[in-house]
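Below is one structure, written out as structure tokens; comments come after it.
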Amino acid sequence: MSCIFCKIVSKEIPTKIIYENETVLAFNDINPMAPEHILVIPKRHIESIDDLSSNDKDITSSMFEAAREIANVRNLSEYGYRVIINNGKAAGQEVFHLHLHILGGKEKLGPMLAK
Ligand code: 5GP
Ligand code: ZN
């Protein structure tokens, strides 16, 4: 398995886990684009939203549940935060293991898309 996020799940790549339950885990992005930049991933390898099925509702709800809890614990909800999924090549997805970015901090984030 060459997927870098699967290697984080299997602990082959040691990474500080900041949230975990039986379905998802979360860790800091290696190249933060905001004061707080956290990734939430399903433990199961799913490439993108396009590969989800109606049987995966536990995964999608766990990802948002994790986002809410992380934002709460890290005080991001106080200031507001952005949640992004880059889905597919045109969206700039680089790691083809579904993940949600949580971006936040005290300062206002830039525009949603670079003009
Ligand atoms: P994408 O562009 O696919 O939406 O985002 C992939 C993200 O994964 C990027 O923000 C990148 O910095 C992050 N990333 C890539 N490899 C690693 C890694 O080995 N560890 C961590 N913590 N983040 C990574
Ligand atoms: Zn994977």
Side-chain angles (χ1 to χ4, degrees):
M1 172 61 76
S2 62
C3 171
I4 202 146
F5 287 176
C6 282
K7 287 182 179 161
I8 290 175
V9 173
S10 69
K11 313 249 189 296
E12 201 178 319
I13 297 177
T15 302
K16 188 179 166 225
I17 303 303
I18 60 175
Y19 177 97
E20 180 167 17
N21 66 24
E22 63 179 16
T23 312
V24 301
L25 59 79
F27 48 86
N28 288 314
D29 195 291
I30 205 167
N31 182 25
M33 307 289 278
E36 293 265 16
H37 186 170
I38 296 144
L39 301 174
V40 180
I41 69 168
K43 288 184 174 175
R44 204 179 93 212
H45 182 84
I46 299 170
E47 284 199 6
S48 74
I49 293 173
D50 306 315
D51 300 292
L52 287 165
S53 82
S54 55
N55 295 323
D56 294 327
K57 293 192 175 79
D58 57 329
I59 290 177
T60 48
S61 67
S62 281
M63 289 175 76
F64 278 96
E65 180 72 9
R68 187 185 60 74
E69 280 201 39
I70 291 163
N72 185 33
V73 168
R74 303 203 152 214
N75 285 334
L76 298 177
S77 17
E78 194 182 333
Y79 305 105
Y81 55 97
R82 188 171 287 159
V83 174
I84 297 174
I85 296 177
N86 294 318
N87 198 71
K89 286 205 176 75
Q93 184 175 0
E94 287 173 1
V95 178
F96 282 81
H97 179 129
L98 181 64
H99 54 281
L100 169 159
H101 298 253
I102 305 169
L103 298 140
K106 288 188 185 174
E107 303 299 323
K108 198 165 184 219
L109 296 163
M112 188 166 68
L113 291 174
K115 298 253 162 70

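Order of appearance sets the numbers: ligands from 1, and atoms from 1 within every ligand.
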message: Parallel, tilted or perpendicular, judged at 30° and 60°: which one describes the rings of H37 and H101?
response: tilted
- request: Measure from the Zn ion (ligand 2) to every N/O/S atom of H45 and report the name of the nearest one.
  value: ND1
task: Indicate yes or no: at least one non-hydrogen side-chain atom of N21 is less than 4.5 angstrom from one of E65.
output: no
field: Name, closest N/O/S atom of H97 to the Zn ion (ligand 2)
entry: ND1
statement: Closest heavy-atom pair, Y19 versus A66, reported as atoms and distance to 0.1 Å, is CE2-CB, 3.4 Å
query: Okay, side chain of E94, backbone of N86: is any donor-acceptor separation there less than 3.5 Å?
result: no
query: Between the side chain of H99 and the main-chain N/O of A26, is any donor-acceptor distance below 3.5 Å?
result: no
task: List for me each residue that meets salt bridge (Lys or Arg N to Asp or Glu O under 4.0 Å) alongside R82, sequence neighbours excluded, and say none if there are none.
output: none
- prompt: Any donor and acceptor pair, going by atom type alone, linking the side chain of S77 with main-chain N or O of A71 inside 3.5 Å?
  reply: yes
statement: SG (C3) to the Zn ion (ligand 2) to SG (C6), nearest 10°, is 120°
message: I'd like the residue list for ligand 1, meaning every protein residue with a non-hydrogen atom under 4.0 Å from the ligand.
response: I4, F5, I8, F27, N28, D29, I30, N31, L39, N86, G92, Q93, E94, V95, H99, H101
